[in-house]
Peer 1: 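The structure's right below; bear with me while I get my questions together.
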Protein chains: 2
Amino acid sequence: MSNLTQEVTQLHADICSALADPRRILLLYALAEKPYTVNDLAKYLDISQPMTSRHLKILRERGLVVATRDGINVEYSLNDHRLIDALDLLREVLRDRIVSRANLIVELK
Amino acid sequence: MSNLTQEVTQLHADICSALADPRRILLLYALAEKPYTVNDLAKYLDISQPMTSRHLKILRERGLVVATRDGINVEYSLNDHRLIDALDLLREVLRDRIVSRANLIVELK
DNA sequence: TAAACATATTTACTTATGCGTATATATCAA
DNA sequence: TTGATATATACGCATAAGTAAATATGTTTA
């Protein structure tokens, strides 16, 4: 495997680890609706302000969201909507997995 | 937010954390080609046998791959090909992010 | 049953991640 | 400059995740 492949795969994994937290997923889905300020996100999702800021930083560092200052506020927005498409796809995989497990349980009864 | 939403979002994050490792991504892409045994995967990807087994276990526990014993070997296969679609989509997001950063650097020169 | 091979797990350890609290920084208005 | 508000970061701690090496388990064949 080439070094480039290895590097890209590492970045690929970095994106996935940015998604590996329920609050960050909720943040992204919120930002898929429209841009929000940090405080609005914090209130919306019932997460403390420092927590919200820190999770947004992780998403920002990986280029998944962008921040623009608007006076006293900082507005965050989704960088690429295909990220939501990918999340939706994963949620479908998840849903079918749950369904198939439910079937398995029925079978076992 | 309902408890159900919270639980599903946790499972969503769990899938993402299963993807948050370069070797597991490589394992999934390998299994997207065709089923492989543990040893074949280990040789293919140059990962030790215990490591390969451990990472496969993580993917298996989250329902992303399935294992079937074939005599002395255990053959792993991809459970749902849409997982690869989602990974491909994330890789596209990643690629465009890299490209746009490259453009940024040019602009700054 | 014993040997050989494939796979899985345990152990002990290091590193990474997440959290609450407190505090720092940035912007604007008075 | 001071006060008020919004955002970001630092610190200390607890927990989770990853690792190598050794070993256990399971399966087939002699």
Side-chain angles (χ1 to χ4, degrees), chain A residues 6 9-28 30-31 34-79, chain B residues 1 6-7 9-28 30-31 34-79:
Chain A
Q6 218 160 357
T9 307
Q10 180 64 58
L11 292 172
H12 205 171
D14 288 343
I15 285 193
C16 293
S17 77
L19 305 176
D21 182 284
R23 269 144 310 192
R24 292 199 289 269
I25 289 179
L26 292 174
L27 284 167
L28 289 169
L31 295 176
K34 64 183 174 77
Y36 280 98
T37 66
V38 178
N39 252 329
D40 286 348
L41 285 170
K43 284 179 208 149
Y44 187 11
L45 302 176
D46 194 30
I47 306 173
S48 76
Q49 179 273 318
M51 259 302 138
T52 306
S53 176
R54 237 176 327 171
H55 283 301
L56 285 170
K57 183 186 187 182
I58 291 169
L59 296 172
R60 179 161 39 86
E61 284 174 343
R62 278 146 167 111
L64 306 183
V65 303
V66 290
T68 58
R69 186 170 274 279
D70 177 24
I72 203 172
N73 297 302
V74 174
E75 197 170 72
Y76 278 84
S77 53
L78 198 61
N79 193 26
Chain B
M1 184 173 53
Q6 218 158 359
E7 274 176 46
T9 307
Q10 179 63 58
L11 291 172
H12 205 171
D14 288 343
I15 285 192
C16 292
S17 78
L19 305 176
D21 182 285
R23 270 146 310 184
R24 292 199 289 267
I25 290 179
L26 292 174
L27 284 167
L28 289 169
L31 294 175
K34 64 183 174 78
Y36 279 98
T37 66
V38 178
N39 251 330
D40 286 348
L41 286 170
K43 284 180 209 150
Y44 188 10
L45 301 176
D46 195 28
I47 306 172
S48 75
Q49 179 273 316
M51 263 300 140
T52 306
S53 177
R54 272 185 54 87
H55 283 301
L56 285 170
K57 184 186 186 181
I58 291 169
L59 296 173
R60 180 162 38 88
E61 282 172 345
R62 280 146 167 110
L64 306 183
V65 301
V66 290
T68 57
R69 187 172 273 279
D70 177 25
I72 202 173
N73 297 303
V74 174
E75 197 169 70
Y76 279 84
S77 53
L78 198 61
N79 193 25

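Below, each value reflects all heavy atoms present in this structure, side chains not excepted, and no hydrogens, waters or symmetry copies. Since the structure is predicted, the reported quantities are computational estimates derived from the model, not experimental observations. The chains referred to below are lettered A, B, ... by the order of the sequence lines, with proteins before strands, and numbering in each begins at 1.
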Peer 1: Under a 4.0 Å heavy-atom cut-off, which of residues 35-43 of chain A touch DNA chain C?
Peer 2: none
Peer 1: Where do A:A18 and A:R24 come nearest, in terms of heavy atoms and distance?
Peer 2: O-NE, 2.6 Å
Peer 1: Keeping to residues at least two apart or across chains, list the side-chain hydrogen bond (donor to acceptor under 3.5 Å, both in side chains) pairs with something in residues 36-48 of chain B.
Peer 2: B:E33-B:Y36, B:E33-B:Y44, B:T37-B:D40
Peer 1: Atom CG of B:L56 and atom P of C:dT7: how far apart are they, to the nearest Å?
Peer 2: 10 Å
Peer 1: Name the residue closer to the 5' end of DNA chain C, choosing between A:G71 and A:I58 according to the nucleotide with the nearest heavy atom.
Peer 2: A:I58
Peer 1: Give every residue pair that meets the ring-ring contact (aromatic ring centres under 6.0 Å, His included) criterion with at least one member in residues 49-69 of chain A, sequence neighbours excluded.
Peer 2: none
Peer 1: List the protein contact pattern of nucleotides 19-26 of chain C with one symbol per nucleotide (5' to 3'): B for base contact, S for sugar-phosphate-only contact, - for none; contact means a heavy-atom distance under 4.0 Å.
Peer 2: BBBB----
Peer 1: Does anyone know the first and last nucleotide of DNA chain D in reach of chain B, 5' to 3', at under 4.0 angstrom to a heavy atom?
Peer 2: D:dG18 to D:dT28
Peer 1: Closest approach of A:A42 and A:T52, non-hydrogen atoms and distance?
Peer 2: CB-OG1, 3.4 Å
Peer 1: Check this one for me: any side-chain N or O of B:K57 less than 4.0 Å away from OP1 or OP2 of C:dT9?
Peer 2: yes
Peer 1: For residues B:A30 and B:L41, report the shortest heavy-atom separation together with the two atoms involved.
Peer 2: CB-CD2, 3.9 Å
Peer 1: Side-chain N or O of B:Y76 versus OP1/OP2 of C:dA6: is the shortest distance under 4.0 Å?
Peer 2: no
Peer 1: Give every donor-acceptor pair under 3.5 Å between a side-chain atom in residues 59-73 of chain A and any protein atom, sequence neighbours left out.
Peer 2:
{"residue": "A:R60", "atom": "NE", "partner": "A:Y76", "partner atom": "OH", "Å": "3.2"}
{"residue": "A:R62", "atom": "NE", "partner": "A:D14", "partner atom": "O", "Å": "2.9"}
{"residue": "A:R62", "atom": "NH2", "partner": "A:S17", "partner atom": "OG", "Å": "3.3"}
{"residue": "A:R69", "atom": "NH1", "partner": "A:G71", "partner atom": "O", "Å": "3.3"}

